[in-house]
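Working notes, beginning with the structure itself.
Worth saying up front: this structure is predicted, and the values here are computed from it rather than measured. In what follows, residues are counted from 1 in the order of the sequence shown.
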Amino acid sequence: MIDYLVQNLWLSWLLVGIICLILEIMNGDFFIMCFAIGGFCASVVAAFSDSIALQVIFFVIFTLLSIFFVRPIALKYLHQGEDHRVSNVEALIGREGRVTDKIEANGYGRVKVDGDSWKAKSANGAEIRQNTDVRILSINSVIITVEPC
């Protein structure tokens, strides 16, 4: 099997692209999609050239171009609230949510935003009661900072 894929490198690159595309559909982040685009472009190059170096160069170039140009456009136009999966956590800033588990004073709680639950802390360290509507001010890793609306 490996000998077959080495002899037909375009199939290997196509397989990389398909696997990344499947992961993208499951994840919804548009980041893995960039690797899929790189894999598909490398498979086209591999179909016409046996140069592995050229294939890797095309994979890297098209993956980077996708990260810098395709992903921001996809995030801007495809994630305007119609999709409940938040792929870009920075898109949470300014959005509103509801406290599901009380945020303790100088501690943490949980906030639900568009169906997703996030670990949250209060911006001023004050307690925020359950079912309070809050606005997301910032995000650090996976912890959001909120204030009551």
Side-chain angles (χ1 to χ4, degrees), residues 5 9-49 52-149:
L5 289 177
L9 283 173
W10 69 273
L11 284 174
S12 302
W13 287 111
L14 189 64
L15 186 61
V16 166
I18 290 171
I19 289 170
C20 289
L21 196 59
I22 291 169
L23 290 172
E24 172 59 40
I25 291 169
M26 292 170 47
N27 185 18
D29 187 0
F30 298 117
F31 185 73
I32 300 172
M33 175 187 67
C34 300
F35 292 102
I37 291 170
F40 291 136
C41 291
S43 71
V44 170
V45 172
F48 296 106
S49 171
I52 294 175
L54 187 62
Q55 295 167 30
V56 171
I57 289 169
F58 264 76
F59 175 75
V60 170
I61 288 172
F62 278 96
T63 299
L64 290 175
L65 286 174
S66 300
I67 289 171
F68 291 115
F69 297 106
V70 176
R71 185 173 183 260
I73 292 169
L75 287 172
K76 181 176 181 180
Y77 292 107
L78 296 178
H79 277 285
Q80 295 180 341
E82 75 275 11
D83 190 349
H84 292 290
R85 296 175 299 176
V86 177
S87 63
N88 184 359
V89 292
E90 293 163 3
L92 287 173
I93 297 173
R95 299 195 45 201
E96 293 183 2
R98 182 171 288 237
V99 177
T100 56
D101 294 330
K102 176 176 83 171
I103 299 174
E104 301 290 335
N106 295 318
Y108 299 97
R110 305 275 315 160
V111 172
K112 190 167 225 152
V113 181
D114 292 338
D116 292 327
S117 181
W118 296 85
K119 186 175 182 179
K121 65 179 181 176
S122 174
N124 60 6
E127 178 181 297
I128 302 177
R129 290 189 235 159
Q130 188 174 359
N131 293 323
T132 303
D133 290 327
V134 292
R135 181 177 333 289
I136 293 135
L137 299 177
S138 65
I139 188 159
N140 183 8
S141 186
V142 294
I143 301 171
I144 59 175
T145 304
V146 297
E147 69 176 3
C149 292

Close side-chain approach of W118 and I136, heavy atoms under 4.5 Å: no
Mind checking side chain to side chain donor-acceptor pair (under 3.5 Å) for T63 and listing every partner two or more places apart, or none if nothing turns up? none
side-chain hydrogen bond (donor to acceptor under 3.5 Å, both in side chains): which pairs involve residues 99-108, sequence neighbours left out? none
Counterpart residues, side chain to side chain donor-acceptor pair (under 3.5 Å), relative to E127 (two or more places apart): none
Would you check if V111 and I103 make a side-chain contact, meaning some heavy-atom pair closer than 4.5 Å? yes
Excluding sequence neighbours, so at least two apart, what forms side-chain contact (heavy atoms from CB on, under 4.5 Å) with E96? R135, C149
What are the two closest non-hydrogen atoms of I128 and P148, and how far apart are they? CD1-CD, 4.0 Å
With sequence neighbours excluded, residues passing ring pair (Phe, Tyr, Trp, His ring centres under 6.0 Å) with F40: none
Which residues satisfy the side-chain contact (heavy atoms from CB on, under 4.5 Å) test with V60, sequence neighbours excluded? V56, L64
Got a sec, which residues hit side-chain contact (heavy atoms from CB on, under 4.5 Å) with T145, two or more places apart in sequence or on another chain? K121, A123, S138
